[in-house]
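Below is one structure; the comments refer to it alone.
Atom set for the values below is all heavy atoms of this structure, side chains included, hydrogens, waters and symmetry mates excluded. Counting from 1, the numbers follow the sequence of the chain as shown.
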Amino acid sequence: MIRKSLFVSLVLMGIVFFQPISMAAENDSKVDNLITNYVNNAYLASTLVNTAGQYVWDRKYDGAEKLYRAVIEIHPNNPYTIKAQVGLARLDVLNLIAEKKWSLAQQQVELMAADFNNEPDLAVSLFHIGKEYTWQHRYSEAKETFGLLLKQPLNNSFSQEAKLWFARAEVCSLIGQAKDEEVVTSTDKLISDFEGAAGLPEAIYWISKEYEWEKSAGENRTGWYDAPNSIFQRLTQQFGNSSFGIDAEWDQKRLTHRMKIFKLMQEPNQSNTDAAIEAMIADLIDRPEISTELLWIAWGYEEQPGKDAQANKLYKRIITEYPESDEVKDAYYCSGVFYSRSKEYSKAIERYQAVVANWPNYRFAWNAWFMIGHHYQQLAETGDVPQSVADAETKAAYQQITNAFSDCPVNGLVNSWLERHKED
C-alpha cells in the first residue's frame with residue numbers, strides 16, 4: 001500500500017512538475033488544476049505535501065504555504081494534515097530567518113519543537129532550519145536547533161548526520177570568538193569522532209572557509225591565512241580525491257598567492273606586485289575565485305597609503321573582464337567611491353548609476369543614490385551642470401532613498417534637502 005501511495009503521488013507530482021520548475025506561473029496553474037481535478041483523490045494530500053516540500057527547498061515559500069494550507073483546508077482529517085502543519089511552522093521560521101529576525105525565529109523554533117514533539121516531520125524541519133542558520137553564519141542558533149533535533153527519535157544515520165552538523169556549528173562558533181586553540185582541538189575531535197562519515201570532508205572544508213572569512217575581516221590579519229591554510233592542507237591530504245579535497249587544494253593555491261601579493265604591496269616596486277597578480281591569474285585560470293581574489297587584493301591596496309589608484313585599476317579589471325561575477329557590483333561601487341574621493345564626480349555618478357540600475361537591492365544602494373544626488377550638487381557648484389538640472393537629478397535620487405531606504409543613515413539629510421526644495 002505504501003508503494004502504491006508513493007507511486008500515485010509521484011504520478012500526480014509529475015502533472016505539476018513535468019515542465020521545468022522555474023516556470024512558476026505555469027506551475028501555479030498546474031497546482032490549481034490538480035486540486036480542482038483530484039479534490040476527492042485519496043493521494044492528493046500526500047502529493048501536495050511532497051510538492052510543497054520541493055518548493056521549500058527551492059526557497060519558494062509562498063508556493064509552499066499555499067499547498068500546505070490547501071491540505072489543511074481540503075483534507076483536515078488526512079494523516080498528511082499534521083505534516084502540512086509542521087511544514088507551515090517550518091515556513092514561519094524560514095521567513096523570519098530570511099528577514100534576519102533571529103530572536104523571533106528561535107522563539108518560533110522552540111514553539112514548533114514543543115507543539116510537534118516526536119512527530120517524524122519535526123526532525124526533518126529542524127534539520128533544514130539548523131542548516132539554514134549555518135549558511136547564515138548564525139552558529140549559536142544552529143547549535144540550539146540541532147540540539148533540539150538530537151532530542152527527537154532518529155534513525156542511526158540521521159542521528160550521526162545531525163551530530164556532525166552540530167559539531168560543525170560548534171567549531172564555527174569558536175572561530176567567531178577568536179578561540180584559535182579551541183578551534184584546533186575541536187576540529188581534531190570532530191575529525192576523530194566522525195571518521196568515515198560521508199559528510200566529514202564537507203564539514204572540514206566549510207570550517208576552513210569560515211576561518212578564512214572570519215580572519216579576513218579581522219582588524220589584525222597578520223598570519224591570518226596560516227590557520228585556514230593548514231586545515232585546507234589537512235583536508236587535501238586526507239580527502240584529496242573528494243570534491244572538497246580538490247577544492248581545498250585550489251584554496252591553498254589561492255591563499256598562498258594572495259598573501260604573497262599582500263606582502264609585495266608594502267614594497268615600493270609596483271612591478272613585482274603586478275607580476276605576482278598576473279601569476280595568480282594564470283595559476284587560477286578559469287576558476288571562479290579569480291574575481292574574488294582581485295577584489296580582496298584591491299581592498300588590500302585601499303589599506304596602503306597612496307595606493308587607492310592601484311585598487312581602482314583592479315576594480316576596473318573586474319568590471320571589464322569579469323562582468324558576470326558576483327564581485328562586479330562591489331567593483332562598480334568601490335570604483336565609484338574612488339572617483340568620489342578623487343573629485344571626479346561625473347565618473348563617480350556613472351559608477352553609482354550602474355549599481356542602482358543593475359542591483360537595486362545592493363547593500364549600499366542607498367549610499368549610491370545619496371552620492372548621485374550629492375555629486376550633482378557639486379557639479380552645479382563647479383558650473384559643469386546647470387543648477388536646475390542638478391536639483392532635478394538630486395531630487396529624483398533622494399526620492400529613491402525615501403521610497404526604498406527610509407531607515408538608512410542618511411534619511412534625515414535627504415528629507416531636510418527635499419523639504420527645502422519642495423517648491424522647486
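- Between the CD atom in Q108 and the CD1 atom in I129 there is a gap of 9.0 Å [rounded to 0.5 Å].
- With sequence neighbours excluded, the residues forming a side-chain hydrogen bond (donor to acceptor under 3.5 Å, both in side chains) with E344 are K347, listed by chain and number.
- Judged by a 6.0 Å distance limit and a 45° cone about the ring axis, R59 is not positioned over the six-membered ring of W135.
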**Study point:** CA sep, side-chain torsions, deciding dist, call: L122, N118, side-chain contact (heavy atoms from CB on, under 4.5 Å)
**Key:** CA-CA 7 Å; L122 175 62; N118 291 328; over 6 Å; no
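- More than 12 heavy-atom neighbours from other residues, nucleotides or ligands sit within 6.0 angstrom of CZ on R341.
- Remark: L294 CG to E327 CD distance equals 9.0 Å, nearest 0.5 Å.
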**Study point:** Residues Q106, R138; criterion side-chain contact (heavy atoms from CB on, under 4.5 Å); working and verdict
**Key:** CA-CA 11 Å; Q106 200 54 23; R138 300 294 300 190; over 6 Å; no
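- For R317 and E278, the salt-bridge test passes: some basic side-chain N is under 4.0 Å from an acidic carboxylate O.
- Atom NZ of K313 has 12 or fewer heavy atoms from other residues, nucleotides or ligands within 6.0 Å.
- Ring centers of W165 and W206: at least 6.0 Å apart, outside the cut-off.
- For the residue pair Y333 / N367, a side-chain donor-acceptor distance below 3.5 Å is found, with atom types taken as modelled.
- Crowding of N358 atom CG: a count of heavy atoms from other residues, nucleotides or ligands under 6.0 Å exceeding 12.
- Residues R258 and W296 share a closest heavy-atom pair of NH2-CD1, 3.5 Å.
- Although no hydrogens or angles enter the test, the distance criterion places a donor-acceptor pair under 3.5 Å between the side chain of T81 and the main chain of N78.
- Residues meeting the side-chain hydrogen bond (donor to acceptor under 3.5 Å, both in side chains) test with E65, sequence neighbours left out: R69.
- Between Q266 and K307, the shortest heavy-atom distance links the atoms N-NZ, 4.3 Å.
- For D121 and Q85, the side-chain atoms include no donor-acceptor pair closer than 3.5 Å.
- Annotation: side chain to side chain contact (heavy atoms under 4.5 Å, CB included) contacts of L413 (sequence neighbours excluded): F370.
- Aromatic pair W369/W366: centroids not less than 6.0 angstrom apart.
- In this structure, the side chains of K163 and F146 stay at 4.5 Å or more apart for every pair of heavy atoms.
- The neighbour count for E73 CD, taken as heavy atoms of other residues, nucleotides or ligands under 6.0 Å away, does not exceed 12.
- Taking the side chain as every heavy atom from C-beta outward, E144 and E110 approach each other to under 4.5 Å.
- Note that CH2 of W102 and CD of Q107 are 14.5 Å apart. Values are rounded to the nearest 0.5 Å.
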Name every donor-acceptor pair, under 3.5 Å, that has one atom in a side chain of residues 87-100 and the other anywhere in the protein, sequence neighbours excluded.
unit_1 : atom_1 : unit_2 : atom_2 : d
R90    : NH1    : H128   : ND1    : 2.9
N95    : ND2    : L91    : O      : 3.1
E99    : OE1    : K101   : NZ     : 3.2

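- Across all non-hydrogen atoms, the minimal contact from L295 to A331 is CD1-N, 4.5 Å.
- The two residues Y398 and H374 have their closest heavy-atom pair at OH-N, 3.5 Å.
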Residues 399-410 side chain polar contacts: donor-acceptor under 3.5 Å, at least two apart:
unit_1 : atom_1 : unit_2 : atom_2 : d
T402   : OG1    : Q399   : O      : 2.9
N403   : ND2    : Q399   : O      : 3.0

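- Checked by atom type, the side-chain pair E293/H257 shows no donor-acceptor distance below 3.5 Å.
- Rounded to the nearest 0.5 angstrom, I204 CD1 and L190 CG are separated by 6.5 Å.
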**Study point:** Criterion side-chain contact (heavy atoms from CB on, under 4.5 Å) on W417 and V414, from CA distance to verdict
**Key:** CA-CA 5 Å; W417 190 94; V414 165; 5.9 Å; no
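- Here the closest heavy-atom approach between residue T145 and residue G130 is recorded as CG2-N, 3.7 Å.
- Between F338 and C334, every side-chain heavy-atom pair lies at or beyond the 4.5 Å cut-off.
- Here the straight-line distance linking atom CD of E170 with atom NZ of K189 works out to 8.0 Å at 0.5 Å rounding.
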Distance-only donor-acceptor pairs under 3.5 Å for side chains of residues 267-275, two or more places apart:
unit_1 : atom_1 : unit_2 : atom_2 : d
N269   : OD1    : S271   : N      : 3.0
N269   : OD1    : S271   : OG     : 2.4
Q270   : NE2    : D274   : OD1    : 2.9
Q270   : NE2    : Y301   : OH     : 2.7
Q270   : NE2    : Q310   : OE1    : 3.4
T273   : OG1    : L264   : O      : 3.2

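- For the pair S291 and P288, the tightest heavy-atom approach, listed with the atom from each and the gap, is OG-O, 3.6 Å.
- Distance check: R351 CZ to H375 NE2 gives 13.0 Å after rounding to the nearest 0.5 Å.
- Salt-bridge formation is detected for the pair D330/R363: a Lys NZ or Arg NE/NH1/NH2 atom is positioned less than 4.0 Å from an Asp or Glu carboxylate oxygen.
- Between Y205 and F244, the ring centre distance stays below 6.0 Å.
- Between the side chains of S340 and Y352, a donor-acceptor pair is found at a separation under 3.5 Å.
- Under a cutoff of 6.0 Å and an axis angle of 45°, K83 and Y80 form a cation-pi pair.
- Note: Y133 and Y139 fail the aromatic proximity criterion, with ring centroids not under 6.0 Å apart.
- In summary, K209 and D247 do not engage in a salt bridge, as defined by a charged side-chain N under 4.0 Å from a carboxylate O.
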